[in-house]
Amino acid sequence: MQEYKLFINGEWVSSGTGETFNDVNPATLEPIGKFHKATEDDVKHAVDSAEDAFDSWSSTPAPKRAMILYKTARILEEQKEQLARLMTQEMGKVLKEARGDVQEAIDITYYAAGEGRRLFGETTPSELPDKFCMTVRRPIGVIGMITPWNFPIAIPSWKIMPALVAGNTIVLKPASDTPLLSVELVKILTQAGLPAGVLNLVMGSGSTVGSAIVCNKKLRLISFTGSLETGKWILGEASKDMRRVSLELGGKNPIIVMDDAKLDLAVDGVVWGAFGTTGQRCTAASRVIVHEKILPEFKRKLIERTKKLRLGNGLDDGVDVGPLVNESQLKKVAKYVDIGKEEGATLALGGNAVKPLPGYFFEPTIFTEVAPGMRIAQEEIFGPVVSLISTSGLDDAIRIANSVEYGLSSSIYTENMKNAFRAIEKIEAGITYINASTIGAEVHLPFGGVKSTGNGTREAGTTAIEEFTEIKAVYFDYSGKLQKAQIDVE
Ligand code: NDP
C-alpha cells in the first residue's frame with residue numbers, strides 16, 4: 001500500500017513516531033493508502049516552518065505570488081480527471097460530482113490569482129490639509145486550517161488560495177477520511193513553484209493534531225469548516241488569546257415549495273439538494289416546506305423520482321448516489337431514522353442501510369407528516385434523509401424555515417415575484433436561491449451563514465480576501481507641521 005508522509009518546510013517527512021493510519025474506499029472498503037500520523041512536535045515544527053517562511057512570502061509582490069496560483073490552476077485542469085477519480089475512491093461521491101469538486105478548486109484558484117493584481121484598499125480625503133488617507137491590506141500571519149471530508153479539494157482550496165495570494169503562510173490539517181486529495185493539492189502547489197515552508201501539511205486525528213493546531217498561539221487565525229460542536233470548542237480556545245477564528249458549521253437548509261411553483265422543477269431541485277453527495281453537504285436540503293394545497297401531488301412525484309435513484313460505486317456510470325463517508329456517519333443517519341419514527345413522522349421511503357457493495361450505503365429516505373419541532377427537522381443529519389413539512393402559506397413557511405438554529409442556505413420555488421422577494425428579505429440564511437436547489441454555490445459570491453452556521457465570516461467571493469487580511473488605516477501627513485484631527489477643524 002502506498003505511504004504518504006507529512007509535508008513540512010518543503011519536504012515530505014515521516015511523523016515523529018513513524019505511526020500511520022489507513023484510509024479506505026467507503027464504497028468497497030478497499031484500502032486507499034497509509035498516511036503518517038503527525039505528533040504534537042510535528043505540528044510545532046510545521047508552525048515554526050510557516051513562521052520562518054512568512055517574512056519572505058509576505059514580502060513577495062502579490063502579482064508574483066499570484067503567478068504560482070495561475071500555474072496551480074493550470075495543473076489542476078490537466079489533472080482534473082485523475083483527481084476526480086481519486087476523490088470518488090477516497091470519499092465516495094459520484095464521479096460527476098467529484099469533477100465538480102475539482103472544478104470548484106480550479107475556479108477559486110483562478111479567482112484568487114486575479115486578486116494578486118487587486119487586493120484593493122481605499123483612499124479617502126482627510127479632514128486636514130496636506131494629509132493623505134488610505135487603507136492597505138496586510139496578511140494576517142501564519143494560519144491554521146482544519147478541513148472536513150465532504151469537499152476534499154474544494155474546501156482546502158477555498159481557504160488556501162486566497163490566503164496565499166494575500167501573503168499568509170499555512171499549516172493545513174485535512175479530515176482523516178480524506179487526506180489524499182490534500183496531499184495531491186500540496187504536490188501541485190509545490191510543482192507550481194510555492195516556496196518551502198509556505199504551506200505545510202500535517203495529518204492525523206482532530207483530537208491530537210487538530211487541537212495542537214488550535215492551541216498553538218503562533219497561529220493568528222484558525223480557519224475551520226466542520227461540525228458545530230468542534231467549531232464552538234475552537235472558538236472558545238482561540239478567543240482566550242484573542243486569536244481570530246473563521247467558522248463554517250453546517251445547516252438545516254429549507255426548500256419552500258409554494259402552490260404556484262412549477263412542481264416538476266421543484267421535485268428535481270429537492271432530489272438534487274437532498275440526495276446529491278448522499279446528503280453530505282452543509283448546504284443539503286433537509287427540510288421541504290410544501291404548501292398544503294399541493295402537498296399530496298408533490299409527495300407522490302418526489303417518491304416516484306427518488307425511487308429511480310441508483311446506489312453504488314460512484315465510479316460506475318449510471319450511479320446517482322454513492323456511499324456515506326464512514327461507519328460513524330452510517331450509524332448517525334440510522335439513528336436519526338429511528339428518532340424520526342419514534343417522534344411519529346411517517347417513513348414514506350427508504351430508511352435502511354443497504355449493501356449493493358460492502359461499503360456504507362444508506363437508502364435515500366423521505367419522511368412525511370413531519371412537525372417543524374421534531375429533532376429530524378431541527379438537527380443536522382448529514383445524510384440522505386429529507387423531511388416534508390406542510391405549510392398553510394408563505395408567512396407560516398418562512399416562520400418554519402427560520403425555526404432552526406442554523407442559517408446557511410435556503411430556497412423557494414414560486415412563480416410569484418412578491419413571494420420571492422419576501423423570502424429574500426425574511427429567511428434567516430446566508431444564501432437564498434429562487435427556483436433552484438439549496439446547493440451549487442459559485443466561487444465569486446460570498447459563502448457562509450447566520451446564527452449557529454458560523455461566526456459571521458464569509459468565504460470565497462470578494463469576502464475571501466477579507467477573511468485572510470488585516471486592514472491597516474494609513475495617515476500620510478505632508479504638511480510639515482503638527483496637525484490635530486478633530487481639534488484643528490475650525
Ligand atoms: P468534525 O467537526 O469532527 O471534523 C471536521 C474537521 O475537524 C476534521 O478535520 C476533524 O479531524 C477536525 N477535528 C475534529 N475534532 C477536532 C478538535 N477537537 N480540534 C481540532 N480539529 C478537530 O466533523 P465530523 O467529520 O466528525 O462530522 C460530524 C458532523 O459534522 C457531520 O455529521 C456534519 O453534521 C458536520 N459536518 C459539517 C460539515 C460542513 O461542511 N459544515 C463538514 C463535515 C461535517 P478528523 O477528521 O481527524 O476527525
Side-chain angles (χ1 to χ4, degrees), residues 21-23 26 35-38 40 43 90-91 93 101 104 144-152 154-156 158-159 171-182 201-216 219 222-238 245-253 277-284 286 324-336 360 362 375-376 378-385 404-409 430-431 438-439 441 447-449 451-455 457 459-460:
F21 64 97
N22 288 346
D23 183 14
F35 295 82
H36 276 245
K37 212 189 245 183
E40 285 183 21
V43 173
E90 186 182 39
M91 182 273 170
K93 67 171 67 174
D101 198 315
E104 210 168 313
M145 297 181 176
I146 301 174
T147 54
W149 40 263
N150 57 342
F151 281 84
I155 292 181
W158 273 34
K159 296 183 190 297
V171 175
L172 167 71
K173 188 209 98 64
S176 299
D177 284 308
T178 55
L180 182 55
L181 268 291
S182 286
L201 173 70
V202 287
M203 300 174 286
S205 77
S207 55
T208 55
V209 181
S211 60
I213 288 178
V214 173
C215 296
N216 192 309
L219 296 171
I222 306 296
S223 179
F224 172 77
T225 301
S227 65
L228 175 57
E229 195 189 2
T230 308
K232 278 184 178 167
W233 178 77
I234 291 175
L235 185 61
E237 282 306 303
V245 177
S246 123
L247 302 172
E248 202 282 284
L249 309 173
K252 190 68 189 172
N253 313 293
T277 326
T278 322
Q280 302 171 111
R281 290 193 185 215
C282 45
T283 51
S286 55
L324 290 160
V325 74
N326 60 31
E327 194 175 4
S328 92
Q329 285 299 120
L330 186 78
K331 285 187 177 155
K332 182 178 175 192
V333 173
K335 185 191 83 181
Y336 272 106
Y360 309 117
F362 203 91
R375 283 183 66 191
I376 55 167
Q378 289 285 323
E379 296 170 21
E380 189 175 46
I381 301 175
F382 231 62
V385 180
V404 296
E405 72 170 317
Y406 295 102
L408 180 52
S409 188
I431 304 167
T438 51
I439 64 181
F447 184 89
K451 304 200 282 192
S452 292
T453 287
N455 60 337
T457 50
E459 296 198 314

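Since this is a predicted model, take the numbers as computed values, not measurements. Both counts, for ligands and for their atoms, begin at 1 and track the order of listing.
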Atoms of ligand 1 close to [X] [distance to a heavy atom under 4.0 angstrom, numbered from 1]:
X    : value
E248 : 41 (N)
S205 : 47 (O)
S176 : 45 (P), 46 (O), 47 (O)
T147 : 6 (C), 8 (C), 9 (O)
I146 : 6 (C), 7 (O), 9 (O), 12 (C), 20 (C), 21 (N)
G204 : 47 (O)
P148 : 42 (C), 43 (C)

Which residue and non-hydrogen atom of the protein lie closest to [atom], and at what distance in Å?
atom                    : result
atom 44 (C) of ligand 1 : F382 CE2, 3.8 Å
atom 34 (O) of ligand 1 : E380 OE1, 2.7 Å
atom 25 (O) of ligand 1 : W149 NE1, 2.8 Å
atom 15 (N) of ligand 1 : T230 CG2, 3.6 Å
atom 2 (O) of ligand 1  : S227 OG, 2.7 Å
atom 31 (C) of ligand 1 : K332 NZ, 3.6 Å
atom 11 (O) of ligand 1 : K173 NZ, 3.0 Å

Heavy-atom distances under 4.0 Å decide this one: backbone, side chain, both or neither, for [X] against ligand 1?
X    : answer
E229 : neither
Q329 : side chain
V209 : neither

Looking only at non-hydrogen atoms, find the nearest pair between [X] and [Y] and report the distance.
X    : Y    : value
Y336 : I376 : O-CG2, 3.3 Å
A175 : P148 : CB-C, 3.5 Å
M203 : V209 : O-CG2, 3.6 Å

*Does a donor on one side chain and an acceptor on the other come within less than 3.5 Å for T225 and E248?*
no
*Output all residues satisfying side-chain hydrogen bond (donor to acceptor under 3.5 Å, both in side chains) with S227, sequence neighbours left out; order by chain, then residue number.*
T230
*Is any side-chain N of the basic residue among K252 and E379 closer than 4.0 Å to the acidic one's carboxylate O?*
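Looking at E379 together with K252, the answer is no, because their closest N to O distance does not fall below 4.0 Å.
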*Are any of the heavy atoms in F224 under 4.0 Å away from ligand 1?*
yes
*asked:* Is it the case that the side chain of N253 and the backbone of T438 share a donor-acceptor pair, with hydrogens and angles ignored and the cut-off at 3.5 Å?
replied: no
*asked:* I'd like the name of whichever of C282, G226, G231 reaches closest to atom 36 (N) of ligand 1 through any heavy atom.
replied: G226
*Among G250, G206, A284, which residue places a heavy atom closest to atom 41 (N) of ligand 1?*
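Among G250, G206, A284, the closest heavy atom to atom 41 (N) of ligand 1 belongs to G250.
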*What's the verdict on side chain to side chain contact (heavy atoms under 4.5 Å, CB included) for K332 and I381, showing C-alpha distance, side-chain angles and the deciding distance?*
CA-CA 7 Å; K332 182 178 175 192; I381 301 175; 5.7 Å; no
*D177 N/O to ligand 1 N/O under 3.5 Å*: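 Between D177 and ligand 1, no N or O pair is found under 3.5 Å apart.
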_Verdict with supporting geometry, Y360 and Q329, side chain to side chain donor-acceptor pair (under 3.5 Å)_ = CA-CA 8 Å; Y360 309 117; Q329 285 299 120; over 6 Å; no
_Before you tell me yes or no, could you show the steps for V245 and N455 under side chain to side chain contact (heavy atoms under 4.5 Å, CB included), namely the whole-Å CA-CA distance, both residues' side-chain angles and the distance that decides it to 0.1 Å?_
CA-CA 8 Å; V245 177; N455 60 337; 4.2 Å; yes
*Stepwise, does the ring-ring contact (aromatic ring centres under 6.0 Å, His included) test hold for W158 with F151?*
CA-CA 10 Å; W158 273 34; F151 281 84; 8.2 Å; no
*Give the intermediate values and the outcome of side chain to side chain donor-acceptor pair (under 3.5 Å) for residues T277 and K93.*
CA-CA 5 Å; T277 326; K93 67 171 67 174; 5.1 Å; no
*Distance below 4.0 Å between atom 21 (N) of ligand 1 and any protein heavy atom?*
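Given the 4.0 Å cut-off, atom 21 (N) of ligand 1 counts as touching protein heavy atoms.
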*Sort and list the pairs that fulfil salt bridge (charged side-chain N to carboxylate O under 4.0 Å, His left out) and have at least one residue in residues 227-238, not counting sequence neighbours.*
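Residue pairs passing salt bridge (charged side-chain N to carboxylate O under 4.0 Å, His left out), neighbours aside: E237-K240.
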